[in-house]
Amino acid sequence: MRNPIVIVVLMFAAGVLMGSCREKDVPGESISVSLETIEASVELASYKIDVASNCAWTLDVEGEDGAEVFWMTPGQRSGRGNATVTVRVNENAYASARTARLVFTTPGGKEAIAAITQAGNENGSSAPGTASLRMGTYNLRMHQLDTDADNTWNVRKERLRESIIDCNFDVFGMQEVSSVMQDWLKAELGDRYTLKFFSPYSQGGSGDRAQGIAFKTSAFSMSDWNFFWASDTPDNMSTNDTGSSGSYSRGGCCCILTHKQSGVKFFFMNTHACLNGEPNASYAHVYIDQEKRFNPQGLPSFFVGDMNARPEYAAIATYKSYWKDSYDSAGSRSGASGSYNGYSSISGKYRIDYVFLRGNGITADELCVSNKLYAGKYASDHFPVIVNFKITR
């Protein structure tokens, strides 16, 4: 049962009169609003504010202490003259009330302010401050590599789309993403995910044979996007993965993500590591070096990807000297035992895809190597690895 509407009186800085104009030096401009305060219910609802003005105006949404306001959306951000602005307020899933201000401003600097307070949910959690996140990694298999009828790109891509949607990742790393696939992912999933790609075959990081990071646009904001090469010169493109298995360019990409709802920030790094055994082991330390470089604040840290190394390999020992393997840390595990399936093994041939974690306040609740098939067919030659985490500030 929902709370009744709780009226909370907001007190802002002395001298600020809700809904009134702050006089500036531009004569003739005027603006006012019909509601000085709105007491919003717990439930999803919309509210209308009548604006009276004789000039153009813009609308900004201000949270408490500069916090981003994720839970309220105005129908427009600017106008001219009189108008009615509809404000959509999302359901409050948390026990605490929350507040924000709608600030209408004229070109000369006059302001009219409406304050919104939304009641807390008596059955809600004590968050914000805790984020429950679904993270993972998925090698998508480059589109041009398969010629058999069951797995050509035009046939397989619909299975892959359904698989990604089924995973319902909040954040995930991708490997083996060709230029064709980058365009396809943006067209198919761009309405829900922000997708950033890094090609180690270009000094600028753009182009074919890429890896990337995807996150739900509505839930996160991104900063500090960086990429590097797994080599002795990490800032310079190089063919660093050489040996009997071929010659390749390898590296990683990373960013800082902020969970809008809770304010939790964390570092997220993705790679498709070296295929040849010697560079796979010798360059494993580079990822630790780059994590320290690009995460100087020591935020909770996640390192995901196709490591091209089984658990007993030297590279994994290096990674585990710094991070924890969520396969070992998770409260429960389900799905396949191996992440590489080769289009032929429902239990997985071996485990080479990982989600590593580091930092205080992180709990790995459940790990799944999802071996779901689609009409009896595989979505990729790798299974996605999904981990449910809780991060507490």
Side-chain angles (χ1 to χ4, degrees), residues 1-13 16 18-19 33-51 59-77 84-104 111-135 168-171 191-194 215-223 256-266 300 361-363 365-366 388-393:
M1 180 176 180
R2 299 293 186 188
N3 270 340
I5 297 176
V6 178
I7 299 177
V8 181
V9 178
L10 293 177
M11 297 301 293
F12 287 91
V16 176
M18 303 298 186
V33 292
S34 60
L35 295 174
E36 297 179 354
T37 60
I38 297 173
E39 288 105 19
S41 67
V42 171
E43 294 84 2
L44 169 69
S46 294
Y47 302 87
K48 294 184 183 297
I49 301 174
D50 294 325
V51 182
L59 170 58
D60 293 312
V61 180
E62 298 180 353
E64 294 180 286
D65 299 321
E68 185 172 0
V69 179
F70 62 89
W71 49 273
M72 178 179 63
T73 307
Q76 63 191 85
R77 294 279 184 164
T84 299
V85 176
T86 300
V87 181
R88 174 189 168 98
V89 179
N90 296 337
E91 179 184 357
N92 190 353
Y94 298 107
S96 58
R98 50 195 182 187
T99 65
R101 304 194 311 170
L102 299 169
V103 182
F104 299 81
E111 294 180 349
I113 301 172
I116 295 184
T117 295
Q118 186 178 33
N121 187 335
E122 67 178 1
N123 298 315
S125 70
S126 59
T130 298
S132 295
L133 306 178
R134 190 171 174 87
M135 299 189 193
N168 193 28
F169 294 112
D170 290 313
V171 183
D191 60 337
R192 67 184 72 187
Y193 288 105
T194 296
F215 58 89
K216 286 184 177 177
T217 307
S218 62
F220 301 90
S221 59
M222 186 190 75
S223 60
I256 303 296
L257 291 171
T258 301
H259 185 236
K260 296 177 181 179
Q261 193 169 50
S262 66
V264 167
K265 292 186 176 184
F266 57 93
I362 305 174
T363 303
D365 291 333
E366 179 183 2
N388 291 327
F389 289 104
K390 284 188 176 66
I391 311 175
T392 302
R393 283 194 293 180

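Position 1 is the first residue of the sequence; numbering continues from there. Note that these values count all heavy atoms, side chains included, but never hydrogens, waters or copies made by symmetry.
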#### Entry: Q76 side chain to V85 backbone, donor-acceptor under 3.5 Å
no
### Task
Without swapping roles, check the side chain of E91 against the backbone of S41 for a donor-acceptor pair under 3.5 Å.
no
### Query
Would you call the rings of F220 and F266 parallel, tilted or perpendicular, where under 30° means parallel and over 60° means perpendicular?
perpendicular
### Task
Determine, stepwise, if the pair V89 / I38 fulfils side chain to side chain contact (heavy atoms under 4.5 Å, CB included).
CA-CA 11 Å; V89 179; I38 297 173; over 6 Å; no
Nearest atoms (heavy-atom pairs only) where [X] meets [Y]:
X	Y	result
K265	P300	O-CD, 3.5 Å
Q118	E43	NE2-O, 4.1 Å
A112	V33	CB-CG1, 4.0 Å

#### Entry: Partners meeting side chain to side chain donor-acceptor pair (under 3.5 Å) with T217 (sequence neighbours left out)
T194
Quick one: side-chain contact (heavy atoms from CB on, under 4.5 Å) partners of [X], sequence neighbours excluded?
X	answer
T392	T130
T86	S46, K48
T73	none
S132	K390

### Message
Measuring only between side-chain heavy atoms, which start at C-beta, is N92 closer than 4.5 Å to W71?
### Response
no
### Test salt bridge (Lys or Arg N to Asp or Glu O under 4.0 Å) applied to K216 - qualifying residues, sequence neighbours left out
D170
### Intermediate values then yes/no, side chain to side chain contact (heavy atoms under 4.5 Å, CB included), I116 and L102
CA-CA 8 Å; I116 295 184; L102 299 169; 3.9 Å; yes
### Query
What's the spacing between S221 OG and F215 CZ if we round to 0.5 Å?
7.5 Å
### Message
My understanding is that only residues two or more places apart in sequence, or in another chain, count here; which of them pass ring pair (Phe, Tyr, Trp, His ring centres under 6.0 Å) with F104?
### Response
W57
